[in-house]
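Worksheet for the structure shown next.
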Amino acid sequence: MAESIPDLRNEPKDRAYAELYAHSKAALEGIHDPIAMMSTMSSLIHHSMGHLWTGFYRVVEPGKLLRVGPYQGSLGCLEIRFGQGVCGAAAQRGETVVVPDVEKFPGHITCDSRARSEIVVPIRNSQGDLIAVLDVDSSALNAFNDADRTGLEKIATIFETAGQ
Ligand code: SME
(Lines give C-alpha, C1' and ligand atoms only; values in the text may rest on other atoms or scores of the structure.)
Protein backbone atom coordinates (compact mmCIF):
# COMPACT_ATOMS: atom_id res chain seq x y z
CA MET A 1 0.00 0.00 0.00
CA ALA A 2 1.45 3.37 -0.97
CA GLU A 3 1.78 5.75 1.98
CA SER A 4 0.79 9.23 0.80
CA ILE A 5 2.84 12.32 1.58
CA PRO A 6 0.73 15.28 2.75
CA ASP A 7 1.03 18.65 0.99
CA LEU A 8 1.90 21.04 3.84
CA ARG A 9 3.27 23.92 1.78
CA ASN A 10 0.38 26.24 2.57
CA GLU A 11 -0.12 25.23 6.19
CA PRO A 12 1.04 27.43 9.09
CA LYS A 13 4.45 26.08 10.06
CA ASP A 14 3.52 24.93 13.56
CA ARG A 15 0.66 22.85 12.11
CA ALA A 16 2.84 21.53 9.30
CA TYR A 17 5.55 20.38 11.72
CA ALA A 18 3.05 18.80 14.12
CA GLU A 19 1.69 16.81 11.19
CA LEU A 20 5.19 15.92 9.96
CA TYR A 21 6.17 14.70 13.42
CA ALA A 22 3.07 12.52 13.72
CA HIS A 23 3.52 11.22 10.17
CA SER A 24 7.20 10.40 10.76
CA LYS A 25 6.42 8.59 14.02
CA ALA A 26 3.70 6.54 12.34
CA ALA A 27 5.78 5.74 9.25
CA LEU A 28 8.76 4.68 11.38
CA GLU A 29 6.98 2.66 14.02
CA GLY A 30 9.16 -0.29 15.03
CA ILE A 31 12.10 0.90 12.88
CA HIS A 32 15.44 1.50 14.62
CA ASP A 33 17.78 1.59 11.62
CA PRO A 34 19.09 5.18 11.28
CA ILE A 35 19.49 4.93 7.49
CA ALA A 36 15.88 3.79 7.07
CA MET A 37 14.82 6.66 9.34
CA MET A 38 16.89 9.24 7.44
CA SER A 39 15.56 8.02 4.08
CA THR A 40 11.94 8.16 5.21
CA MET A 41 12.30 11.54 6.90
CA SER A 42 14.13 13.21 4.02
CA SER A 43 11.39 12.11 1.61
CA LEU A 44 8.58 13.19 3.94
CA ILE A 45 10.04 16.60 4.82
CA HIS A 46 11.19 17.37 1.29
CA HIS A 47 8.01 16.56 -0.59
CA SER A 48 5.51 17.82 1.97
CA MET A 49 7.23 21.19 2.37
CA GLY A 50 8.49 21.68 -1.20
CA HIS A 51 12.13 22.36 -0.30
CA LEU A 52 15.06 22.58 -2.72
CA TRP A 53 17.22 19.99 -0.93
CA THR A 54 16.56 17.93 2.18
CA GLY A 55 18.92 15.38 3.60
CA PHE A 56 21.41 14.10 6.10
CA TYR A 57 25.17 14.28 6.47
CA ARG A 58 26.35 11.45 8.74
CA VAL A 59 29.20 11.68 11.24
CA VAL A 60 31.79 9.19 9.94
CA GLU A 61 34.74 10.54 11.99
CA PRO A 62 33.48 12.09 15.22
CA GLY A 63 34.63 15.70 15.54
CA LYS A 64 36.17 15.57 12.06
CA LEU A 65 34.16 14.40 9.08
CA LEU A 66 30.58 14.27 7.74
CA ARG A 67 29.60 12.15 4.72
CA VAL A 68 26.40 12.46 2.73
CA GLY A 69 23.53 10.18 3.72
CA PRO A 70 19.96 9.78 2.46
CA TYR A 71 18.63 12.89 0.72
CA GLN A 72 16.17 14.32 -1.80
CA GLY A 73 17.12 16.92 -4.38
CA SER A 74 20.00 17.56 -6.75
CA LEU A 75 23.45 16.03 -6.13
CA GLY A 76 24.85 16.95 -2.72
CA CYS A 77 28.56 17.22 -2.05
CA LEU A 78 29.96 13.99 -0.64
CA GLU A 79 32.02 14.99 2.36
CA ILE A 80 32.11 18.03 4.66
CA ARG A 81 34.67 18.60 7.42
CA PHE A 82 33.52 19.74 10.86
CA GLY A 83 33.70 23.53 10.87
CA GLN A 84 33.25 23.74 7.11
CA GLY A 85 30.12 25.33 5.59
CA VAL A 86 26.80 25.47 7.41
CA CYS A 87 26.62 21.70 8.01
CA GLY A 88 30.12 21.62 9.43
CA ALA A 89 29.36 24.63 11.66
CA ALA A 90 26.23 22.96 13.07
CA ALA A 91 28.16 19.73 13.66
CA GLN A 92 31.04 21.53 15.38
CA ARG A 93 28.81 23.71 17.56
CA GLY A 94 26.33 20.89 18.24
CA GLU A 95 23.48 23.32 17.67
CA THR A 96 21.02 24.34 14.98
CA VAL A 97 22.23 26.96 12.50
CA VAL A 98 19.73 29.08 10.56
CA VAL A 99 21.15 30.97 7.58
CA PRO A 100 18.75 33.56 6.08
CA ASP A 101 21.10 34.36 3.15
CA VAL A 102 23.75 31.80 2.21
CA GLU A 103 25.82 34.46 0.42
CA LYS A 104 26.38 36.14 3.78
CA PHE A 105 27.59 32.96 5.50
CA PRO A 106 31.40 32.79 5.21
CA GLY A 107 32.46 29.40 3.82
CA HIS A 108 29.01 28.30 2.67
CA ILE A 109 29.38 25.28 0.39
CA THR A 110 27.39 25.66 -2.82
CA CYS A 111 26.07 22.32 -4.05
CA ASP A 112 23.12 23.81 -5.92
CA SER A 113 23.44 27.40 -7.13
CA ARG A 114 19.69 27.93 -6.59
CA ALA A 115 20.10 27.62 -2.79
CA ARG A 116 19.42 30.94 -1.02
CA SER A 117 18.78 30.04 2.62
CA GLU A 118 19.09 26.99 4.83
CA ILE A 119 18.74 25.40 8.24
CA VAL A 120 20.93 22.64 9.68
CA VAL A 121 19.86 20.65 12.76
CA PRO A 122 22.06 18.25 14.76
CA ILE A 123 20.84 14.64 15.08
CA ARG A 124 21.71 12.70 18.24
CA ASN A 125 21.17 9.09 19.27
CA SER A 126 19.81 7.86 22.60
CA GLN A 127 23.28 8.21 24.16
CA GLY A 128 23.43 11.86 23.14
CA ASP A 129 26.15 11.25 20.53
CA LEU A 130 26.01 13.40 17.42
CA ILE A 131 25.31 10.92 14.56
CA ALA A 132 24.37 13.31 11.73
CA VAL A 133 23.03 16.71 10.76
CA LEU A 134 19.79 17.37 8.89
CA ASP A 135 20.31 19.98 6.15
CA VAL A 136 17.31 21.70 4.55
CA ASP A 137 17.89 24.18 1.73
CA SER A 138 15.46 26.59 0.06
CA SER A 139 15.57 28.55 -3.19
CA ALA A 140 13.94 31.46 -1.31
CA LEU A 141 15.81 33.96 0.85
CA ASN A 142 14.97 33.88 4.56
CA ALA A 143 12.82 30.75 4.28
CA PHE A 144 13.51 29.45 7.80
CA ASN A 145 12.72 30.86 11.24
CA ASP A 146 12.20 29.73 14.83
CA ALA A 147 9.16 27.66 13.86
CA ASP A 148 11.40 25.58 11.55
CA ARG A 149 14.04 25.29 14.25
CA THR A 150 11.51 24.11 16.84
CA GLY A 151 9.70 21.82 14.39
CA LEU A 152 12.80 20.15 12.97
CA GLU A 153 14.46 19.82 16.40
CA LYS A 154 11.35 17.98 17.60
CA ILE A 155 11.46 15.67 14.59
CA ALA A 156 15.16 15.08 15.31
CA THR A 157 14.23 13.70 18.75
CA ILE A 158 12.75 10.65 17.00
CA PHE A 159 16.36 9.45 16.62
CA GLU A 160 16.90 9.80 20.37
CA THR A 161 13.92 7.66 21.21
CA ALA A 162 14.58 5.05 18.53
CA GLY A 163 16.80 3.05 20.88
CA GLN A 164 20.05 3.27 18.90
N1 SME B 1 24.53 23.68 2.41
C2 SME B 1 25.66 23.01 2.84
C3 SME B 1 26.33 22.17 1.82
C4 SME B 1 25.58 20.94 1.51
S5 SME B 1 24.47 21.15 0.31
O6 SME B 1 23.86 22.37 0.19
C7 SME B 1 23.56 19.88 -0.02
C8 SME B 1 26.66 23.78 3.68
O9 SME B 1 27.19 24.86 3.37
O10 SME B 1 26.93 23.23 4.70
Side-chain angles (χ1 to χ4, degrees), residues 5-9 13 16-17 20-21 23-24 27-28 33-125 128-160:
I5 294 182
D7 182 353
L8 302 172
R9 287 172 297 175
K13 283 186 176 180
Y17 282 112
L20 263 180
Y21 178 78
H23 221 87
S24 304
L28 291 168
D33 177 338
I35 298 293
M37 297 170 73
M38 291 178 193
S39 305
T40 303
M41 283 185 192
S42 55
S43 176
L44 260 177
I45 298 168
H46 187 77
H47 295 289
S48 62
M49 303 293 272
H51 296 309
L52 179 68
W53 198 95
T54 309
F56 292 83
Y57 280 91
R58 297 164 302 122
V59 176
V60 290
E61 289 178 36
K64 289 193 183 140
L65 188 66
L66 300 165
R67 184 172 298 138
V68 76
Y71 68 90
Q72 301 277 315
S74 55
L75 280 182
C77 55
L78 295 179
E79 291 188 331
I80 299 176
R81 303 208 73 79
F82 274 56
Q84 202 185 27
V86 187
C87 291
Q92 192 164 64
R93 294 178 205 168
E95 62 187 38
T96 299
V97 179
V98 178
V99 178
D101 180 350
V102 295
E103 285 180 13
K104 299 202 171 112
F105 188 93
H108 170 256
I109 303 160
T110 306
C111 296
D112 186 323
S113 59
R114 295 170 295 171
R116 290 285 171 269
S117 62
E118 67 177 271
I119 180 169
V120 180
V121 178
I123 303 292
R124 296 181 188 282
N125 64 13
D129 303 320
L130 184 76
I131 57 164
V133 295
L134 166 60
D135 176 9
V136 184
D137 298 348
S138 173
S139 56
L141 274 175
N142 208 11
F144 304 105
N145 58 23
D146 265 350
D148 298 278
R149 180 197 299 267
T150 309
L152 291 172
E153 285 180 352
K154 172 97 193 266
I155 290 171
T157 65
I158 296 174
F159 287 89
E160 291 170 22

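The basis for the numbers below is simple: all heavy atoms, side chains too, and nothing from hydrogens, waters or symmetry mates. Whatever order the structure lists them in is the order used to number ligands and atoms, beginning at 1. In what follows, residues are counted from 1 in the order of the sequence shown.
- Every N/O-N/O distance between G107 and ligand 1 stays at or above 3.5 Å.
- Of all protein heavy atoms, the one closest to atom 5 (S) of ligand 1 is C111 SG, 3.1 Å.
- Side-chain contact check for I5 versus H46: every heavy-atom pair is 4.5 Å or farther apart.
- Contacts between D135 and ligand 1 below 4.0 angstrom, taking non-hydrogen atoms only, involve the side chain exclusively.
- Residue contacts with ligand 1 leave out Y71, since none of its heavy atoms falls under 4.0 Å from the ligand.
- Going from atom CZ of R58 over to atom CD1 of I35 covers 5.0 Å, rounded to the nearest 0.5 Å.
- With ligand atoms numbered from 1 in the order given, ligand 1 contributes 4 (C), 7 (C) to contacts under 4.0 Å with heavy atoms of Y57.
- In terms of modelled atom types and a separation under 3.5 Å, the side chain of T157 and the main chain of K154 share a donor-acceptor contact.
- Between G76 and ligand 1, a contact under 3.5 Å exists for no N or O pair.
- Residue-to-ligand polar distances place V86 within reach of ligand 1: an N/O pair is separated by less than 3.5 Å.
- On a distance-only criterion, E118 and ligand 1 share at least one N/O pair closer than 3.5 Å.
- For atom 10 (O) of ligand 1, the closest non-hydrogen atom on the protein side is C87 N, 2.7 Å.
- Counting the atoms of ligand 1 from 1 in the order shown, those under 4.0 Å from a heavy atom of D137 are 1 (N), 5 (S), 6 (O), 7 (C).
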